[in-house]
Amino acid sequence: MSSSLRLAKISPQNVDAACHLRVHPDQERFVDPVVTSLAEAYAYGEVAWPRVICDGEQLVGFVMAGFDPTHEVEPYRSYLWRLNIAADRQRQGYGSFAVAAVCAEARRRGQSRLWVSWQPGVRGPEPFYTRLGFRRTGEVVDGEIVAKREL
Ligand SMILES: CC(C)(COP(=O)(O)OP(=O)(O)OC[C@H]1O[C@@H](n2cnc3c(N)ncnc32)[C@H](O)[C@@H]1OP(=O)(O)O)[C@@H](O)C(=O)NCCC(=O)NCCS
């Protein structure tokens with residue numbers, strides 16, 4: 001993997017490229033577009049942790065975590081909210097890098113677990129999350145499979 005890989009805050013310089021990022025058309029049912037995530041990030045303020053994933057000067061993906069440490073529902077204290085890797089940049093380790101970075105941020109904030117949920121289905125992200133150590137909790141919320149990873 002490239003050594004120039006990094007996460008960056010949303011900025012005037014990268015927001016347009018972030019909004020134009022697209023996953024494969026048959027993956028669009030598994031993730032909201034970046035514009036929706038950025039609107040939610042605006043609405044949720046300090047809870048949202050949105051970042052673009054850059055390889056050198058290229059924007060290759062978008063990730064957003066949510067951290068609400070005093071939330072009464074445990075999964076909302078530390079969760080992977082969105083992850084979109086550009087269609088032509090998938091299977092090159094960028095998604096794994098982003099999840100590792102979110103895990104590091106969660107640990108830095110004193111969290112010991114990271115939660116995620118996904119829609120089941122062909123071309124869905126289940127093999128990816130399973131490979132990264134997320135384990136199903138047995139819950140299904142709004143049709144999404146809930147999973148967590150111990151940090
Ligand atoms: C799921 C997603 C984020 C994975 O990102 P990525 O950068 O392609 O993932 P990585 O390259 O880090 O993959 C790591 C491993 O996960 C597994 N994996 C990733 N995508 C997979 C797929 N489509 N099918 C099966 N296994 C997959 C593989 O084991 C892969 O390792 P390998 O390539 O050496 O075999 C990306 O496919 C994506 O953006 N999908 C559309 C949006 C989405 O579903 N987001 C999640 C919403 S909850």
Side-chain angles (χ1 to χ4, degrees), residues 1-10 14-44 47-68 71 73-107 109 111 113-151:
M1 199 187 303
S2 167
S3 60
S4 56
L5 203 47
R6 63 195 165 88
L7 296 189
K9 291 183 179 177
I10 311 301
N14 63 33
V15 66
D16 196 43
C19 290
H20 282 93
L21 192 147
R22 295 285 179 274
V23 298
H24 286 286
D26 59 358
Q27 295 173 327
E28 285 175 353
R29 67 192 180 100
F30 296 105
V31 68
D32 281 316
V34 174
V35 284
T36 302
S37 298
L38 293 181
E40 289 172 338
Y42 180 79
Y44 280 80
V47 168
W49 194 79
R51 294 290 186 274
V52 290
I53 307 161
C54 299
D55 191 350
E57 294 304 306
Q58 297 284 312
L59 190 153
V60 299
F62 172 83
V63 64
M64 186 160 86
F67 298 111
D68 193 355
H71 201 291
V73 180
E74 193 192 346
Y76 290 116
R77 295 176 197 162
S78 171
Y79 58 101
L80 187 55
W81 195 346
R82 287 292 143 59
L83 179 57
N84 314 47
I85 302 298
D88 60 352
R89 297 297 196 137
Q90 295 184 8
R91 301 300 286 263
Q92 296 174 51
Y94 295 128
S96 302
F97 169 79
V99 171
V102 169
C103 288
E105 178 64 18
R107 274 190 227 102
R109 292 168 179 252
Q111 299 293 326
R113 289 177 179 150
L114 187 71
W115 301 75
V116 71
S117 66
W118 63 78
Q119 293 278 349
V122 175
R123 291 208 64 138
E126 180 158 346
F128 169 74
Y129 286 125
T130 302
R131 162 95 181 260
L132 292 185
F134 287 88
R135 298 293 171 253
R136 292 174 177 224
T137 64
E139 294 159 282
V140 177
V141 176
D142 295 335
E144 295 205 347
I145 293 164
V146 178
K148 69 179 173 185
R149 176 170 153 177
E150 303 294 333
L151 302 177

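Below, all heavy atoms of this structure are taken into account, side chains as well, without hydrogens, waters or symmetry copies. Numbering of ligands and ligand atoms starts at 1, following listing order.
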Is the shortest side-chain heavy-atom distance between R135 and T130 below 4.5 Å?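 SC-SC contact between R135 and T130 confirmed.
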
Tell me every residue that passes salt bridge (charged side-chain N to carboxylate O under 4.0 Å, His left out) with R51, counting only those two or more places apart in sequence or in another chain.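 None.
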
Within the 4.0 Å heavy-atom sphere of ligand 1, strictly under, residues: V23, Q27, F30, V31, L83, N84, I85, Q90, R91, Q92, G93, Y94, G95, S96, S117, P125, P127, F128, Y129, R131

Applying side chain to side chain donor-acceptor pair (under 3.5 Å), name anything that partners T137, two or more places apart in sequence or on another chain. E139

Sorted by chain and residue number, the side chain to side chain donor-acceptor pair (under 3.5 Å) partners of R77 (sequence neighbours excluded) come out as none

Could you tell me whether the side chain of D68 and the main chain of V73 form a donor-acceptor pair under 3.5 Å?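 Between the backbone of V73 and the side chain of D68 there is no qualifying donor-acceptor contact (under 3.5 Å).
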
Ring centre gap for F134 and W118 strictly below 6.0 Å: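 Centroid separation for F134 and W118: 6.0 Å or greater.
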
